[in-house]
There are 2 protein chains.
Amino acid sequence: MQDKRITSDDVARLAGVSRSAVSRTFTPGASVSESTRNSVIAAARKLGYRPNALARSLTGQQSGLVAVVMAEFANPYESQVFYALTQALQKLDKVSMLVTPDESGDINNSLQLVGAYQVDSAIIAAGSLSLQATQICLTMGIPSVLMGRDDPFGKICSVQTDNRMAGRLAAEHLVNSGAQRPAYIGGRPDGQASQERKQGFFDSLRDQGVEPLGHCDNPDYSYQSGYQSALELLQRRPEIDSLFCAFGAMDAIRQQLGRKTPQDIQFVGADNVPMAEWPGYQLTTISQPVELLAQAVMENLEIILTQGQAMARSRRVAPWLVSRATTRNA
Amino acid sequence: MQDKRITSDDVARLAGVSRSAVSRTFTPGASVSESTRNSVIAAARKLGYRPNALARSLTGQQSGLVAVVMAEFANPYESQVFYALTQALQKLDKVSMLVTPDESGDINNSLQLVGAYQVDSAIIAAGSLSLQATQICLTMGIPSVLMGRDDPFGKICSVQTDNRMAGRLAAEHLVNSGAQRPAYIGGRPDGQASQERKQGFFDSLRDQGVEPLGHCDNPDYSYQSGYQSALELLQRRPEIDSLFCAFGAMDAIRQQLGRKTPQDIQFVGADNVPMAEWPGYQLTTISQPVELLAQAVMENLEIILTQGQAMARSRRVAPWLVSRATTRNA
DNA sequence: TTGAAAGCGCTACCAC
DNA sequence: GTGGTAGCGCTTTCAA
């Protein structure tokens, strides 16, 4: 119920020391005598004192604020990533600030806004917006890490899933399960991740002596668009017996075309979204190693902040196969 | 590429005015002459200046930071809410800070952390954790708004969906569609929202002369638990011909029990999650009016901040029926 | 090890 | 309407 904010001055007075002493007590690795430290801690606890992070950052310290730029939250994968990032940051006593484009789809205003909060760094995971966001962060002088794609200009480091490996894992699983005529339905044709997945998938198939039967992209990686793409592809090539794809495509084939799994067709999902393990789905998927990605981002952030933007290297995180019964109960 | 941060001093110098003039230019409703304002704006633009929000908040201004306390992101409804809140805050030049419990499920440390950032207020939507969070925010002196439940102590205001109305809408829809033996599968037995929904549902049924056939709760409102509950209920009362429930229950009945819709059984979903409109589902649902809820929260925040915690009143936001083809294509 | 004092960038108050 | 100045809470020299 304390109405007034407790300042270091209050603590100092109660502890009978100077403000400097209080500050030192809360500065890791500063030089304070045991007795001083103890009385300060005691006074601080009694008063419920916490250093004002805003005031601290004004003295040249890091603010502890990290911007997370994301354009999409509809896809559960995105929100999972955001949650994981926030958790990881919290563990380092940092705080995430979500930055989203405004209604017109523009990211600039929002970035300007959080820029005013002196964020130490930015994590850019905004899909199609990421290039623009990267540019803006660079000109604002905010050290940044990209997620989910490379920086085509090679200016900043990135963290992403090893998509080729994801493709290979999917291919191996399908072939091991007896697939003979596999196909791929991917995301945006211009999406780096989708391209890499496809490449890994096809490479591995050929290595195993299986000829991939076809592939198609879906314009925006949405459920609907995957649904459509799958219908078209399967109408063109009805002999396809297995697919590496996302949920939309799978539902289309099972529901619209009435194909049964695994008798008629087999699937590996491209995203280990929570839905994949629901009783109705039980879909074998390639995991998106969200926590590991977040961890890798934290490590790069650390490097960037202490040694500079140039010292951080891009990183790939290995996904793995999550094997589940592929049959639907219906 | 500018490396040094631009301060109001820089702008003042370039514009040939004082720091005060710069400050006034960026203070809505301050008194500056047109000519001064213009030259300041020009200089600021040229330098890429934005007032430092952290420094500003040190002068007694509001920080513009708002904590959003949430315990769950797995449920797409939660992340939708967070996104909507962030967007709404951004529109008011405010920034959201997500606060989540740490790995041990404790919210205190996280709250302490963001408390150090002098948040102006907190939005508490943490389900089962919200009572604890509310308590902590109160003792830290952070004005708060609850989402999705009432404060049992009546200390702070809340914003929530009108759950009784949701229940009534569902009942009317089912009866209009010819339902005779409806049942309800809800969330946590202790959950206020679920209880209210049930009450509205049953009241409306009785008003229409239809006797509800049964109901059950599911312990944690998860997909799995709804799935189980539905199987049990339907085994006990196989004559049930319609349900107001969530996804898990619906999938269980269609897939596990093989009941067809709408011939064998009809559904109204309790959440208008994105999935509801997927081609595979096309489920009629009660909307969760997320944007309106966010808007209502903003309005309460405004009241709290300007007139004090006590002046804000709890608010109910009306949901509506989203009617879709209830048949699955399969 | 300690305290006094300067200063981070900003706004508010005060004379002009 | 305008500029000087004090001060927000903190960390960090610098003497002691």
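Just so it is clear: chains get the letters A, B, ... in the order the sequence lines come, proteins before strands, and each one is counted from 1.
Listed nucleotides: C:dA12, C:dA6, D:dG9. Nearest to the side chain of B:S20: C:dA12. Set against D:dG9, C:dG3, D:dG1, the side chain of B:S33 has D:dG1 as its closest nucleotide. Of the candidate nucleotides C:dC10, C:dG3, C:dT2, C:dT2 has the atom lying nearest to any side-chain atom of A:S31. When distances are taken from the side chain of A:T59 to each of C:dC10, D:dG9, C:dG3, the shortest belongs to D:dG9. For B:T36, the side-chain atoms get nearest to D:dT2 when compared with the rest of D:dC10, D:dC8, D:dT2. Considering only side-chain atoms of B:Y49, the nucleotide from D:dG4, D:dC10, C:dC10 that sits closest is C:dC10.
Residue whose closest nucleotide on DNA chain D sits further toward the 5' end, between B:G60 and B:R37: B:R37.
The separation between A:Q118 atom CD and C:dC10 atom P is 8 Å, rounded to whole Å. Atom C1' of nucleotide D:dT11 and atom CG of A:N52 are separated by 12 Å, given to the nearest angstrom. As rounded to whole Å, 16 Å separates atom C1' of C:dC10 from atom CD of B:Q62. One can place CZ of B:R56 at 15 Å from P of C:dG9, the figure rounded to the nearest angstrom. Between the CG atom of A:L58 and the C1' atom of D:dG9 there is a distance of 9 Å, rounded to whole Å. Per the geometry, CZ belonging to B:R5 stands 15 Å off C1' belonging to C:dC10, to the nearest Å.
Residue B:R24 places a side-chain atom within donor-acceptor reach of the base of D:dG3, judged by atom type and a 3.5 Å distance cut-off alone.
Residue A:V22 is out of contact with every strand shown, counting any heavy-atom pair closer than 4.0 Å. When heavy atoms are screened at a 4.0 angstrom cut-off, A:S23 is found touching base atoms of the nucleic acid. Looking at heavy-atom distances under 4.0 Å, A:F26 makes no contact with the nucleic acid at all.
Tested against A:C137 for a side-chain contact (heavy atoms from CB on, under 4.5 Å), the candidates A:I124, A:V145, A:I123 yield a single pass: A:I124.
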